[in-house]
Visitor: 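Submitted below is the structure of interest, expressed as C-alpha cells.
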Amino acid sequence: VRVTVDTEVCIGSGNCVRLADEVFDQDDAGLVVVLIEKPSAEQEAVVRTAAETCPTGAITIVDD
Amino acid sequence: MRGGRTPDVTAEHRAYPYRRACPYDPPPDLARWHAESSVSRITLWNGRPTWIATGLDEARTVLRDHRVFSSNPKAPGYPSLSAADEASKESGLLPVTDPPLHDRLRRAVQGEFTVRRVNEKRVQTEEIVRVLLDRLADERPPVDLVRSFAAEVPARFTCRLLGVPLDDAQFFADCLSDRFDASAQHSSVHAADDRLAAYFDDVVQQRLGEPRDDLSGRLVRDHVANGELSECQAAALLHVLLIGGFDTTRNMIAMGTILLLELPDELARLQREPSRWPGAIEEMLRYLSVVQYERRAVTEDVELGGQSLKAGDGVLTVLHAANRDPRSFEHPDELDLDRPANNHVVFGSGIHQCLGQPLARMMLQVTYPRLFARFPSLRLVTPKEELRYHEGRTIWGPKELPVAW
C-alpha cells in the first residue's frame, strides 16, 4: 500500500504521529509529513487505523 | 444506519437529562433513547427543540462535516445550554468559528501543539507535579485535591505555556468560575469575558512592545506583526487556550483519581507495568468522558441516523453517550484498561478537535503515576456519590475532592 496525505485538510492533531511515529511526522506548523510512503506489511494495520481515525480525513491509503 | 423514522411526538417533551445516576456514567435516559434511535429530539432549558446525536458514528459525522454543521453561535438553531451560556454568545473564540476564519486562527498556534513540542514539555511537567506533590505532603489531611492539585497542574502548566505570571492563576480561575457558572446572571458572565479579554489584550500589547520567546510572544511576532491576525484575534486565541488549559484537564485528573482509588488492584498493576498507562488513560478518557457535548447548527437539510434534520435545526453531539455506544464499543459500560483500538471522541473530531489533546494526554501520563506513587494510602474522605459536581456545565467533574492519606 501507499500513503498519501492532504496538508490542506490536515489540522495537525498529531493523531497519526501518536499511533505510528515511524511512518508519520509533523512539520513546524504541525502539519503531517509522511516518513515512509510505502509502509511495511507489519505497519499496514496501524497506518490504516491512523487513516480511519484522522479527525479530518487527511490520510488516504492507496492499494498498490 | 436505521431506516427512516419520523420523530416520536413524545420526544418533544424529553428535557435534556443533566442528572446522572452514577458520576461515571451518562444520564441513564440517554442509553434508553439511543436504543430507540441514535439521533433523537429533545427540549432545551429554553423550551426550544434540538437534536441529540448519541451514536459514535453519527456524532463523528456531525463533527467532521463543518460545512453542514456550523459552529457559529449566531447561526439559526445553534443550541443554547443555559441562560448564562446564551449571554456569552458573541465572543468569537476559536471553537465557535467556521472556516475560513477558523483555519487561519488555528494554524497560527497549531505548531505549538505538535507531538514533538509536547514531549519536550514532559520534564517541565514532571517538575510542576513534583513541586505540587511536595506541597501537598506538607498539608494536613483532609485536603481538597481539586484545589490543591488537580486544578494546579494544568493551571501552572498553562501559565508557563502562555508566558503569563503564575500569580495570575487565581484571577483566571475566578474569571472562569464566573464565566461557566450555569446559574450565573448575564452580567457576571459578560464581566468575566470582559476581564479575560482585557487581560489578553494587555498581553498582546506587552509582547508588541517587548518581544519574548513564549507562546504569546511567538504568536505576536509571527502572526500579528505581519498583519496576518489582528491584535484582537491574537488576544482571543490566548483567551481560548487559557480556557482549554484550565478546565478540562483539572476535571479529568479529579475524575480519574476517584475512579482509580476504587480499583486498587488495577492501579497496583498499572504501577507495576507503567507501559500500560497510556492505553489505560485512553480508556479512562473514553469511560469518563468529562467533555460531555459539542453543539452545531444545521445549515442545510440532511439525513442523520435515519432522521431528517432541517436547515435551522440544532444538534448536540453527546460525547459521553457516543463513547458508550454499544455498536462501536464492546461492553461499552465496562472499564477495560487494555481496550484495543480505542477510537473515542472525547476530544471531538473534525477541524475543531481539541488543540491541546497531546498536552492533556502527556499531563495525565505524568500526573496519575506520580500522585499514587507519592501517596500510596490516598483515599476519598467523601464517597463519590456524595460529592458535589459541576451540574449543567459542559465539562463534568467534582467541585471539591476531599482526600486523606
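First the proteins, then the strands, lettered A, B, ... as listed; each starts at 1.
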Visitor: Rounded to the nearest 0.5 Å, what separation is found between the CD atom of B/Q357 and the CZ atom of A/R18?
Guide: 6.5 Å
Visitor: I need the minimum non-hydrogen distance between B/R107 and A/V9, along with the two atoms involved.
Guide: NH2-N, 4.5 Å
Visitor: Any idea which heavy atoms bring A/P55 and B/Q353 closest together, and the distance?
Guide: CG-OE1, 3.1 Å
Visitor: Taking all atoms of both residues into account, what is the closest heavy-atom pair of B/V115 and A/Q26, and its distance?
Guide: N-OE1, 2.9 Å
Visitor: Sort A/T53 into side chain, backbone, both or neither according to what part of it lies under 4.5 angstrom from a heavy atom of chain B.
Guide: both
Visitor: Find out whether B/R116 and A/D25 are in side-chain contact, i.e. whether some heavy atom of one side chain is under 4.5 Å from a heavy atom of the other.
Guide: yes
Visitor: Mind checking the OG1-NE2 spacing from A/T56 to B/H66? Nearest 0.5 Å is all I need.
Guide: 8.5 Å
Visitor: Quick check: are there more than 12 heavy atoms from other residues, nucleotides or ligands sitting under 6.0 Å from CD of A/E8?
Guide: no
Visitor: Would you say B/E120 has more than 12 foreign heavy atoms packed within less than 6.0 Å of its CD?
Guide: yes
Visitor: Please name the pair of heavy atoms, one in B/P358 and one in A/S13, separated by the smallest distance, quoted to 0.1 Å.
Guide: CG-O, 4.0 Å
Visitor: If I measure from the heavy atoms of chain A, does B/R60 come under 4.5 Å with its side chain, its backbone, both, or neither?
Guide: neither
Visitor: Checking heavy atoms, do the side chain of B/Q110, its backbone, both or neither come under 4.5 Å from chain A?
Guide: both
Visitor: With a 4.5 angstrom heavy-atom cut-off, is it the side chain or the backbone of A/L19 that approaches chain B, or both, or neither?
Guide: neither
Visitor: Measuring from B/T114:OG1 to A/D28:CG, what's the distance to the nearest 0.5 Å?
Guide: 8.0 Å
